Structure formats: C-alpha cells, structure tokens
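One structure below.
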Amino acid sequence: MTEKKSLEQQASTANEDQLASANTHEKASDNQPALDNEWLTLAEDWQSQPYDKVDVNKLLKQTQRRTLWAKMLLFIDVLSTLFIIVFFIYGLYKGEWKTATLFYLGSASIAFVFYTAYAVKVRVKSWRLMAGDPNKIVESALIGCRSSLQYIKLIKWTSIPLFIWLNSYLYIIEPEVEKSVWPALIMSNGIIIVMTIVCHFMQRQRERELKQLESFLSE
Amino acid sequence: MNHQQTFTLWLTEYEKMLRHIIVGFEAKPALQDELFQEIALNIWKALPGFRQDASAKTFVARIAHNVLATHVAKSVRTVKADQDIDAVCATDEAPLSNHSTPYQALDQRQRQQRLSHAIRQLKLDQQQVITLALEGMSYLEIADTLSITTNLVGVRLQRAKASLTELLEVS
C-alpha cells in the first residue's frame, strides 16, 4: 500500500517536472485559462483587502517575551533543584531537623538532579535542532512537537513517585508534628492531581498534532 | 542595523503582505492573529541567519509560507475548508444584471471574501503560488520563496488559476 502510494507520488512529481520543462518553450499567451482576463481585478481585490495594523513595538516585546517564556519553565526546574539541594545542605549543617525530613530532602535532591538533567537534555537538544532556518520550519515543528511530548510525559510520570514520596513523608512526620498535616496533604495532592490532568490533556493534544504533522510530511 | 531595528522595519514593511497571505490559508480572525504572531516569532528566530545578499521580502515570505504549511498540516483540512462556506455563500447572492460573470456582479468586499475563500479551498502548493502571485511577486521571487524552479512555478500557477476559475465561476 505504502509502495503504491510512493510510486504514485513519484509519477506525479515526474509529470509535474515534464510539464515544467514543456512550459519553458510555451509562450505566455498560449492556452491561458479564462482567469487571466480577470487577473488584474483579482490582484487589485487581493491587495486592497483591509486589515488591522499591528503595533510593531508591542509585537516586538511580545515576541521577546515568548522566546523568554519558552526557557523559563526549564529555568524554574533548575532553580527548584538548586533550592532543594541548598535546603538539604542547610538542614544537615544545622543538625536540628528530624531524620525523616533530612532523608526525604536528600532523596528529593537526588531525584530532582536526574529529572532536571533529563529535562535539560530533551529541551536543549530540540532547541539546537530547531535553529532558525526558514526552510526547516515544518521539520522544526515536528522536532518541537516530539520534544514537547517527551517533556509533558516526563512531568506526567514524575507525578507518581512525587505522589508516593510526598504522602509517605507526611505520613511519617504526622505523629511528630503539632499541627495537623491535613491542609498540607490536601493542597499538595490537589496540585499533583491538577498537574497530572493538565499534562494528560496536553499529551493528547500534542499526540494529535504529531500524527497530523507526520502524515503531512510523508505525503 | 541591529536585530530589533531590522525586525521592526521588516514587520512594518511586509505586514500587509503577511496579513494577505494568512487570509489565503486561515478564515478565523483569532487564528489569523495567532499565525501572524507565530510568523513574527519565526522571523525573530531566523534573523541571525539572514544573509544580506538575499531579498528580505522573499525571506519573510518563505518564513510565512513554512509557518502556514505547518498550520495546514496541524489542522483538519476538511473542517478548515468548509468553516466559512456558509458566511461566504450568504454574501454571494448578488444580481447578475449588467455583468458578464457572477464574480463581477459582486461588490469589492464580497469579491475579496469570495476570492480568499476560494484560495483556501485550493491544494497547499496551489495556495502558495497563487497568494504570492496575487501579491505581485515575479516567478523568480516565488521560486526563491518556495525553493522550487521557475518552471514549476509556472505549472503550479496555471493549475491554481484553472482551479480558481472553476471555484470563482469567472468564465
């Protein structure tokens, strides 16, 4: 089936090229479609279409902000990892914190280092491939879509160990703390659930886009 | 001139062309604005790689066409092609008296709507050549923008015109 499609495509391209060479010797007035008589009207209509003029300076700021925001998410990941590590070292240095807290902070530091390293690898690799070549915008969109999908999956699947880690930590420290852990439990689990649901829908959207882009490029 | 100045200059100079090309691919105003911003973002990203010997107009048009090709690839074509058909058909009911074709009988705004709707129904390669040709670009400029030969531009343009003739009922 694919072979047949490929052969049909080759035949179509060959026909187009043959037609193109034949047209080299064809005069402009020969065999013109009726539209040529109306072409001037069409071009005038087309070029006089009204449009809302954009504020270019505002657009420039928006564009700069968009390129910055794309990197902001990764920056937040790096910053969070550094914060957890510093917090853990501070706890160790102070020596007053409970063993459970130190254990969970330590394990979180290690997990975050791996998570951030993978996230940086995925995103930076795609940004390098997506260099601003105007001829490769469709391919760049495909790379961007794949990278974005990988990143979304990473965040989505990270929510499972995060869920276990957070709840077990709260369960262990619960007898030792004076305040109720319920508000923290509800809030943190709520954030994890919302994060997972959002990621799931974004994943479905990206998968749909990826499928359409791939079928477009294979046409 | 730095990147910011070049970006501002290009966007000011070619905004009209970009807006028109977008209309040939997308009917919804909200998506048209989104596509314009997407094109602007890609121009911004591609600016460092621009060689001064190339034409800025074809460079900008090439970026626009590649962004729009991606947009076409992402959208469901059957829905896109039909989405504004009702709105356009409603404006098409104009009297034929004193005019040789139904297209000529329409006023300019109606003709513009009908033209952009007809272009959106063409195949992608035909949409690309016809929008650039209507902008007044030469075969060479179109070939440069779409990275194809001038002969192929001729072939595609003839086919696009033939399809457009049928869609617009100008003959």
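Below, read A as the first sequence line, B as the second, and so on, with proteins coming before strands; counting in each chain starts at 1. Given the structure is predicted, the values throughout are model-derived calculations rather than measurements.
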Which bit of [X] comes within less than 4.5 Å of chain B, counting heavy atoms only: side chain, backbone, both or neither?
{"X": "Lys53(A)", "result": "both"}
{"X": "Asn57(A)", "result": "side chain"}
{"X": "Thr41(A)", "result": "side chain"}

For the residue pair [X] and [Y], what are the closest heavy atoms and their distance?
{"X": "Glu15(B)", "Y": "Asp52(A)", "result": "OE2-O, 3.5 Å"}
{"X": "Gly24(B)", "Y": "Thr131(B)", "result": "CA-CG2, 4.2 Å"}
{"X": "Ile63(B)", "Y": "Ile39(B)", "result": "CG2-O, 4.0 Å"}
{"X": "Gln126(B)", "Y": "Arg159(B)", "result": "NE2-CB, 3.6 Å"}
{"X": "Glu26(B)", "Y": "Lys28(B)", "result": "OE2-N, 3.0 Å"}

Between Met17(B), Gln4(B), Gln32(B), who has the most heavy-atom pairs with chain A when the cutoff is under 4.5 Å?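 Winner by heavy-atom pair count: Gln4(B).
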Top contributor to chain A contacts, counting heavy-atom pairs under 4.5 Å, from Leu134(B), Leu146(B), Leu11(B):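 The residue among Leu134(B), Leu146(B), Leu11(B) with the greatest pair count is Leu134(B).
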What part of [X] gets within 4.5 angstrom of chain A, counting heavy atoms only: side chain, backbone, both, or neither?
{"X": "Phe36(B)", "value": "side chain"}
{"X": "Ile43(B)", "value": "neither"}
{"X": "Thr150(B)", "value": "neither"}
{"X": "Leu41(B)", "value": "both"}
{"X": "Ala133(B)", "value": "both"}
{"X": "Ile21(B)", "value": "backbone"}

Main-chain N/O of Val155(B) paired to Gln158(B) side chain as donor or acceptor, under 3.5 Å: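 Such a contact is absent between Gln158(B) side chain and Val155(B) backbone.
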Salt bridge check, Asp45(A) against Arg109(B): does any charged N sit closer than 4.0 Å to a carboxylate O?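 Not counted as a salt bridge, because no side-chain N and carboxylate O are separated by less than 4.0 Å.
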If we ignore angles and hydrogens, is there a donor and acceptor under 3.5 Å between the side chains of Tyr115(A) and Thr81(A)?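 No, no side-chain donor-acceptor contact under 3.5 Å.
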